Amino acid sequence: MTRRVELSGWGRWPRVLCTVASPARPEAVAPTLAALPSAIPRGLGRSYGDAALNAAGVISCRRLDRMIRFDPGTGLLEAEAGVTLDAVIAAFLPRGFFPAVTPGTRFVTIGGAIAADVHGKNHHRDGSFADHVAWFDLLCPDGELRRCSPQSNPELFRATPGAMGLTGTILTAAIRLRRVETGWIMQRTIVAPDLDAAIAAFEANLDATYSVAWIDCLAGGARRGRSLVYLGEHATRDDLPPARRARPFEIPHRRPRRVPLDAPAVALNRLTVGLFNAAYFRAGSRRSGPELVDWARYFHPLDSLLDWNRIYGRRGFAQYQCALPLATAREGLSALLGAIAASGLGSFLAVLKRFGPGAPDRPLSFPIEGYTLALDFPVSAAALRLMDRLDAITREAGGRLYLAKDSRMTPETLKAGYGPALDRFRALRAAQEGPGRMTSALAQRLGL
Amino acid sequence: MSRVSDPAGGNAGAPVLVLGAGSDIARAIAQLLAARGHPLQLAARNPAALDRDAADYATRHGVAVTTHAYDATDLARIEAFLDGLPALPRIVISAVGLMGDQEANAADPARAAEVIATNFTGPALTLEAAARRIAAAGGPGAVIGISSVAGDRGRAKNYVYGAAKAGFTAWLSGLRQKHARGPVLVMTVKPGFVATAMTEGMDLPAALTTTPEALAARIVAALDRGRPVHVDPLWRIVMGVIAHLPERIFMRTRF
Ligand SMILES: Cc1cc2nc3c(=O)[nH]c(=O)nc-3n(C[C@H](O)[C@H](O)[C@H](O)COP(=O)(O)OP(=O)(O)OC[C@H]3O[C@@H](n4cnc5c(N)ncnc54)[C@H](O)[C@@H]3O)c2cc1C
Ligand SMILES: NC(=O)c1ccc[n+]([C@@H]2O[C@H](COP(=O)([O-])OP(=O)(O)OC[C@H]3O[C@@H](n4cnc5c(N)ncnc54)[C@H](OP(=O)(O)O)[C@@H]3O)[C@@H](O)[C@H]2O)c1
């Protein structure tokens, strides 16, 4: 059974009227695919752009949400692809396990996390999501279900993370969880008055488990790139105040709030964003010394505000996330920040992060060793022009854009960013022929 | 009345029997009770189809889960079914139900009988027998029947289903009165629209439609407080109006 539904990514732009099927069991996916002219899987729709959109067919993994087994000895969890990290944390944190890699929201599926090869604040140390995947079962376009692991179908095992659903539909996967003693993070904040200081702080703390920076993208002149760099370690039981030690995984309950309606287009403008950024920086600068932060606030601060994407108004927004190689990062970031400041378009959320070595054997996996910058812009003609300018700077620096966030780059920018790996990927796709054609609005836009 | 379950994990050893365990509403309730540590007995016509759910509850919550064959329309086998369970359940939830096609249900006696047995006599006799057994064992316990607001007034659209649910609601009411001074809570749940497999593809008004998870949370909260009847507050108003419309006016409406 299919429905026609208008869908979008988290940026709510673009929107596409899609034929959607929600197979109830893993075995039901193959016949569902066979009945559609083409299809793309969809998890929780937390990718920002058009990766999980296809007018002709969307396979919602919503009902493939069962866990299969867990081995506390190895931390290996087998689960269907629609299981969310939210569910994983709810089930296993009380037993002392946490996802080895988590993006900035826990409302993503395991399938979506593998397909985008998502990264967390520990990329520089622990790599990306697929580095903690033992195997997955992939329903390929030819209708075959293939177990993919380093040993079996290794080519698909490497090509699927980052491929945004285009190599097939992941039905089940085995992921390794990490052991933790508590549900708390010991956080340290470093105030970086400019970009050089921010980079120096990252480079001096490569052994920190987690690191990420909030960057004030509106500060100009000598303060360009001023940041608050947050370092984090999983707190041990002894780090907790005695009152919390008996229940180390319990954190204060916060009732999530919901953004009830679309904000008017004027709510976020240069002035409000500028004021917010300045106030945020001042508040952060006053913080000193290590502090305990619970896992939800540390990893997923935005999740306490449900439907926050509505603050950008009905027109939606675009996220711009690029990665620049280590060698050109400083200069490139400075040019990007300069272009943003000059445009007068502020980004409410601007995040800077150091990437460790990427995975060159995964053709479309985003991270490369260097720095990644992520920004949000409400969709407007001016913002689209600005992002074109940012593309030019990114290309000049030998960088690339993240497909999970993208809704607007050109095939040329993709080619410049991913290079020969792109040809390898296209060849693999071409060899994967079959009646179950996988394609998406993103794939069509970029000729993938 | 002492509690058969509580949020702090009290009485967590008390087994929970779920009839119609594959239903989305039943699954959402089972998830919450398993999280408290209750072992689960899952029942459906085809128990093999429940293996996936059994593994899921066991993996998430580390509880023991068994699956059992149960056909609500097989009225003669109800006692034998209960005898076959590994332990006497202390909480029994029936999510068994069948909407069917109204025209066919009204025209075909076999279908009418099936709808009535599935929504009414089967679950009613099962909860009746379970309540008796739990009471005999001294309790505490609870039997929870998922009926429907469709039983509040027969409507042209689905009155065979509605009549069966009306019968079920009335039976539960009587059973509750019978056990009023005993250790067994008899609870009636009357959902409005819930987005489940049963309603998939139907064009339901968003404001009046809830999710299985939200409904389950309210049912468990009602169980914790010992509330005998659970109806969504909004639906209480809607059905209050519909049930009391004078026939003359009701005849002219189309919902
Ligand atoms: C607030 C917020 C913060 C974020 N922070 C980060 C971050 O820190 N790091 C990061 O890397 N990302 C981040 N993201 C992006 C997000 O993690 C990814 O887009 C992720 O892929 C979303 O998962 P999903 O389940 O919602 O998938 P969807 O958005 O529904 O789909 C994403 C892609 O996965 C594919 N897919 C989904 N399920 C399957 C399947 N079963 N088999 C094959 N392919 C499948 C889809 O086809 C699509 O191409 C963030 C997003 C938000 C909204
Ligand atoms: N969804 C709504 O809007 C809504 C509104 C009001 C009330 N309800 C009631 O809520 C309950 C759960 O419904 P749902 O929406 O989750 O729908 P559902 O998925 O269709 O659930 C119905 C369940 O009944 C079981 N069943 C049917 N015939 C049976 C039989 N002869 N013996 C044993 N089990 C049988 C089915 O199991 P198998 O087919 O696997 O055996 C299925 O699990 C039902 O009682 C329904 O009437 C639902």
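None of these values were measured; they are calculated from a predicted model. As a basis for the values below, the full set of heavy atoms in this structure was taken, side chains included, without hydrogen atoms, waters or symmetry mates. Protein chains get the first letters and strands the later ones, always in sequence-line order, with residue 1 at the start of each.
Ring centers of A:W184 and A:Y298: at least 6.0 Å apart, outside the cut-off.
Sorted by first then second residue, the ring-ring contact (aromatic ring centres under 6.0 Å, His included) pairs that include residues 15-49 of chain B, not counting sequence neighbours, number zero.
Using cut-offs of 30° and 60° on the angle between ring planes, the pair A:F70 and A:F92 is tilted. Ring geometry for B:W235 versus B:F193: interplanar angle over 60°, hence perpendicular rather than tilted (30 to 60°).
Put simply, of A:M1, A:M67, A:E78, the one with the most heavy-atom pairs under 4.5 Å next to chain B is A:M67. Top candidate by heavy-atom pairs under 4.5 Å with chain B, chosen from A:R95, A:R66, A:R69, is A:R66.
In this structure, the portion of A:E80 lying under 4.5 Å from any heavy atom of chain B is its side chain and not its backbone. Heavy-atom distances place both the backbone and the side chain of A:R25 under 4.5 Å from chain B. Of the atoms belonging to A:A24, it is backbone heavy atoms, and not side-chain ones, that fall under 4.5 Å from chain B.
Using a 4.5 Å heavy-atom threshold, the side chains of B:I219 and B:M187 count as touching.
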